[in-house]
Amino acid sequence: MAVLVTGGAGYIGSHTVVELILAGYDVVIVDNLSNSSRESIERIKTITGKTPEFYHADILDRKALREIFAKTEISCCIHFAGLKAVGESVEKPWEYYHNNILGTLTLVDEMRRHGVKNLIFSSSATVYGDQETMPLTEASPLGTCSNPYGFTKAMQEQILRDIQTADREWNVTLLRYFNPIGAHPSGLIGEDPRGIPNNLLPYITQVAVGRLPHLGLFGDDYDTPDGTCIRDYIHVVDLAIGHLMALRRIEEQTEQSALQSAPQLGVYNLGTGNGYSVLEVIAGFTKATGIEIPWVLKPRRSGDLAVSYANADKAWTELGWEATYDIHQMCAHAWNWQSKNPNGYE
Ligand code: NAD
Ligand code: WQD
């Protein structure tokens with residue numbers, strides 16, 4: 001039995017594939033490479049000594065999915081494939097709804113046709129919207145998203161909840177990531193955004209490596225101790241291991257399912273529980289690497305929340321998972337990746 005990883009050539013997917021292989025799983029990747037490179041598959045091989053089976057295919061392509069399910073016995077699908085750039089989603093909402101929603105509907109339909117009803121889904125803290133009360137727990141109300149990308153996550157969560165309610169054979173785990181950063185300690189795989197990075201850490205590392213002149217800091221007048229926004233940054237390897245733990249829980253549930261009547265829907269925050277401001281991240285990067293990051297103050301970025309951080313106790317209690325890397329290790333590993341690969345996978 002193999003684990004199907006959609007979007008497995010991407011940033012979080014490739015790190016998860018590494019952890020799955022190291023834990024002894026057979027992995028099949030399906031990725032259309034719209035935001036990733038085949039080179040990441042080669043690097044996975046270098047790290048693990050094993051080549052995951054790779055299909056260059058789109059999850060909207062039923063025929064391709066059918067061939068994969070027909071060829072391989074799949075036990076569970078970890079579903080990362082999706083478009084994820086917030087700003088782009090405002091400009092291209094149709095593309096985001098089409099790819100993310102139809103992609104998930106097509107995947108889930110082919111899964112059930114082939115009797116595969118175990119799914120782990122990449123959700124996001126964005127589904128909480130703008131909340132007054134921190135930290136965010138899984139019981140926090142779901143809010144109004146500030147962009148089409150966020151709505152696709154909220155809608156996909158709802159679709160998967162409804163499917164699980166209608167058919168209790170499904171085991172569905174929704175993992176709500178906070179702010180994934182960092183890279184594999186080997187420096188062989190990491191985040192390789194196309195064009196100018198939207199997110200803070202890739203922007204900082206590209207300034208550090210000389211690809212960009214300075215960081216624009218989006219607002220210093222928020223209601224936070226230093227006026228800059230606070231986020232819960234989480235090391236991508238910790239995040240990857242969260243998927244492994246979620247997979248193990250699903251396996252236990254599948255074994256016990258005959259005895260259980262409780263619905264098998266799990267929702268977990270994956271964060272560290274610690275919030276860092278933008279200025280603290282810049283200082284943390286300098287402390288970890290010795291490199292000063294020049295920055296200039298810019299106006300607030302539309303849609304940014306002042307503060308967002310997790311309570312991740314549920315993931316600890318139910319999955320036995322907790323984050324292990326601190327902000328300095330996250331920055332050091334991000335820099336290790338960027339300095340060894342100044343132009344990403346190119
Ligand atoms: P990524 O872009 O690096 O990875 C996504 C992968 O999916 C890419 O390799 C892309 O080529 C592939 N893909 C996209 N559409 C596809 C399709 N129709 N068929 C096949 N492959 C397709 O992004 P990531 O940062 O690794 O994110 C993975 C998942 O986690 C996404 O669903 C994203 O929304 C979610 N997420 C990411 C973050 C973050 O900050 N990185 C935070 C919360 C949630
Ligand atoms: C972090 C902080 C910026 C860039 C986004 C998505 C979210 C999730 C994770 C997928 C903010 C500031 C940033 C820059 C800056 N993705 N910043 N200059 O916005 O918390 O979350 O990625 O699900 O849905 O919205 O992360 O890294 O973009 O920003 O000052 O050039 O850094 O204003 O305060 P964000 P981010």
Side-chain angles (χ1 to χ4, degrees), residues 5-16 29-38 40-41 55-61 64-65 78-87 89 95-96 98-100 102-104 106-107 121-129 145-147 149-150 152-153 156 175-181 189-194 196-204 206-207 212 214-220 222 224 228-234 236 239-240 243 270-271 276-279 281-282 293 295-309:
V5 181
T6 74
Y11 173 44
I12 306 170
S14 58
H15 287 82
T16 303
I29 296 174
V30 52
D31 198 303
N32 65 4
L33 302 181
S34 59
N35 195 40
S36 51
S37 159
R38 201 180 277 268
S40 69
I41 311 289
Y55 292 90
H56 184 187
D58 199 298
I59 57 163
L60 282 105
D61 181 348
L65 287 183
I78 307 184
H79 177 29
F80 294 101
L83 300 175
K84 63 154 185 179
V86 168
S89 81
E95 282 74 8
Y96 271 68
H98 182 252
N99 189 71
N100 293 2
L102 202 52
T104 294
T106 309
L107 175 72
F121 174 66
S122 293
S123 189
S124 167
T126 194
V127 299
Y128 293 115
C145 299
S146 58
N147 56 78
Y149 164 74
T152 71
K153 287 292 162 196
Q156 288 172 95
L175 298 179
R176 293 179 180 156
Y177 315 154
F178 279 68
N179 287 56
I181 61 168
I189 55 173
E191 189 168 12
D192 182 18
R194 298 202 167 160
I196 306 282
N198 301 303
N199 299 112
L200 181 62
L201 239 292
Y203 209 110
I204 288 178
Q206 291 199 14
V207 170
L212 295 166
H214 54 254
L215 172 75
L217 192 156
F218 299 141
D220 69 349
Y222 286 94
T224 60
T228 67
C229 298
I230 291 175
R231 295 288 181 273
D232 186 337
Y233 297 93
I234 165 112
V236 66
L239 199 64
H243 294 74
L270 296 184
Y276 289 94
S277 73
V278 179
L279 285 172
V281 173
I282 297 170
I293 300 297
W295 56 268
V296 293
L297 186 60
K298 293 262 177 82
R300 287 182 177 200
R301 184 173 68 178
S302 159
D304 272 348
L305 307 173
V307 182
S308 167
Y309 60 94

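Scope of the values below: all heavy atoms of this structure, side chains included, with no hydrogens, waters or symmetry mates. Numbering of ligands and ligand atoms starts at 1, following listing order.
- Here the protein heavy atom with the shortest distance to atom 33 (O) of ligand 2 is Asp304 OD2, 2.5 Å.
- Of all the atoms in ligand 2, the ones that sit under 4.0 Å from a non-hydrogen atom of Thr126 are 24 (O).
- For ligand 2 and Asn179, the ligand atoms under 4.0 Å from any heavy atom of the residue are 20 (O), 21 (O), 26 (O), 35 (P).
- Within the structure, the closest approach of Lys84 to ligand 2 does not fall below 4.0 Å when heavy atoms are considered.
- What sits closest to atom 43 (C) of ligand 1 on the protein, heavy atoms only, is Tyr177 CD1, 3.4 Å.
- If you check which protein heavy atom lies closest to atom 1 (P) of ligand 1, you get Asn35 ND2, 3.8 Å.
- Between atom OG of residue Ser146 and atom CG of residue Asp304 there is a gap of 8.0 Å, rounded to the nearest 0.5 Å.
- Of all protein heavy atoms, the one lying nearest to atom 30 (O) of ligand 2 is Phe218 N, 3.0 Å.
- Considering backbone and side-chain atoms together, Ile59 places an N or O closer than 3.5 Å to an N or O of ligand 1.
- Numbered from 1 in the order shown, with element, the atoms of ligand 2 that lie under 4.0 Å from a heavy atom of Tyr233 read 1 (C), 2 (C).
- Some N or O of Gly216 is nearer than 3.5 Å to an N or O of ligand 2, by distance alone.
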Step by step, work out the side-chain contact (heavy atoms from CB on, under 4.5 Å) result for Leu215 and Leu200.
CA-CA 9 Å; Leu215 172 75; Leu200 181 62; 4.0 Å; yes

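- Panel note: side chain Tyr11, backbone Val236; no donor-acceptor pair is recorded below 3.5 Å.
- The protein heavy-atom contact nearest to atom 18 (N) of ligand 1 is Asn99 OD1, 2.8 Å.
- Heavy atoms only, all atoms of each residue included: Ala9 and Leu33 are closest at CB-CD2, 3.8 Å.
- Cation-pi geometry between Arg300 and Tyr222 is met: the NZ or CZ atom falls under 6.0 Å from the ring centre, inside 45° of the normal.
- Contacts between Asn147 and ligand 2, counted as non-hydrogen atom pairs separated by less than 4.0 Å, are absent for every part of the residue.
- Close approach of ligand 2 to Asn198 (heavy-atom distance below 4.0 Å) involves ligand atoms 4 (C), 28 (O).
- Under 4.0 Å from ligand 2, the heavy atoms of Tyr149 that appear belong solely to its side chain.
- Of all protein heavy atoms, the one lying nearest to atom 29 (C) of ligand 1 is Phe80 O, 3.2 Å.
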Full working for ring-ring contact (aromatic ring centres under 6.0 Å, His included) between Phe121 and His243
CA-CA 9 Å; Phe121 174 66; His243 294 74; over 10 Å; no

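- When heavy-atom distances to ligand 2 are checked against a 4.0 Å cut-off, Val278 comes that close only through its side chain, counted from C-beta outward.
- Not a single N or O atom of Phe178, backbone or side chain, sits closer than 3.5 Å to an N or O atom of ligand 1.
- Taking every non-hydrogen atom of Leu217 and a distance limit under 4.0 Å, the qualifying atoms of ligand 2 come out as 30 (O).
- Using a non-hydrogen distance threshold of 4.0 Å, Tyr222 does not register as a contact of ligand 2.
- Of all the listed residues (Asn199, Thr228, Val127), Asn199 holds the heavy atom that lies closest to atom 5 (C) of ligand 2.
- Scanning Pro193, Gly82, Gly13 for the heavy atom closest to atom 5 (C) of ligand 1 points to Gly82.
- Counting only N and O atoms by type, the side chains of Ser122 and His79 include no donor and acceptor under 3.5 Å apart.
- For ligand 1 and Gly10, the ligand atoms under 4.0 Å from any heavy atom of the residue are 3 (O), 4 (O), 9 (O).
- The protein heavy-atom contact nearest to atom 20 (C) of ligand 1 is Asn32 N, 3.3 Å.
- Any N or O atom pair closer than 3.5 Å counts here, and Ile12 shares at least one such pair with ligand 1.
- The Leu33 neighbourhood of ligand 1 comprises atoms 11 (O), with distances under 4.0 Å to a heavy atom of that residue.
- Asp192 and Ser37 share no donor-acceptor pair across their side chains, judged by distance under 3.5 Å alone.
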side-chain contact (heavy atoms from CB on, under 4.5 Å) for Leu175 and Ser123? Distances and angles first, verdict last.
CA-CA 5 Å; Leu175 298 179; Ser123 189; 6.0 Å; no

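- Using a 4.0 Å cutoff on heavy atoms, Ser40 does not count as a contact of ligand 1.
- Ligand 1 has no atom lying under 4.0 Å from any heavy atom of Gly103.
- At least one heavy atom of Lys153 sits less than 4.0 Å from an atom of ligand 1.
- Remark: Arg176 is positioned above the aromatic ring of Tyr128, its terminal NZ or CZ atom under 6.0 angstrom from the ring centre and at most 45 degrees off the axis.
- Some N or O of Lys84 is nearer than 3.5 Å to an N or O of ligand 1, by distance alone.
- Listed by atom number, the atoms of ligand 1 under 4.0 Å from Ser122 heavy atoms are 29 (C), 30 (O), 32 (O), 35 (C).
- Residue, atom and distance of the protein heavy atom nearest to atom 27 (O) of ligand 2 are Leu200 N, 2.8 Å.
- Nearest protein heavy-atom contact of atom 3 (O) of ligand 1 is Tyr11 N, 2.9 Å.
- Regarding atom 33 (C) of ligand 1, its nearest protein heavy-atom neighbour is Tyr149 OH, 3.6 Å.
- In this structure, atom 10 (C) of ligand 1 lies nearest to the protein heavy atom Asp31 OD1, 3.5 Å.
- Checking Arg300, Arg231, Arg301 against atom 19 (O) of ligand 2, the nearest heavy atom belongs to Arg301.
- Nearest non-hydrogen protein atom to atom 7 (C) of ligand 2 is Ser124 OG, 4.3 Å.
- In terms of N/O distances under 3.5 Å, ligand 2 is not approached by Cys229.
- Every atom of ligand 1 is numbered from 1 in the order shown, and the set under 4.0 Å from a heavy atom of Ser123 is 43 (C), 44 (C).
- Of all protein heavy atoms, the one closest to atom 25 (O) of ligand 2 is Val86 CG2, 3.4 Å.
- Residue Leu215 has at least one heavy-atom neighbour below 4.0 Å for each of these atoms of ligand 2: 14 (C), 18 (N), 31 (O).
- The side chain of Tyr203, and not its backbone, has at least one atom closer than 4.0 Å to an atom of ligand 2 (non-hydrogen atoms only; side chain from C-beta on).
- The shortest separation from a heavy atom of Thr6 to ligand 1 is not under 4.0 Å, leaving the residue out of contact.
- Taking every heavy atom of Leu60 and a limit of under 4.0 angstrom, the matching atoms of ligand 1 come to 18 (N).
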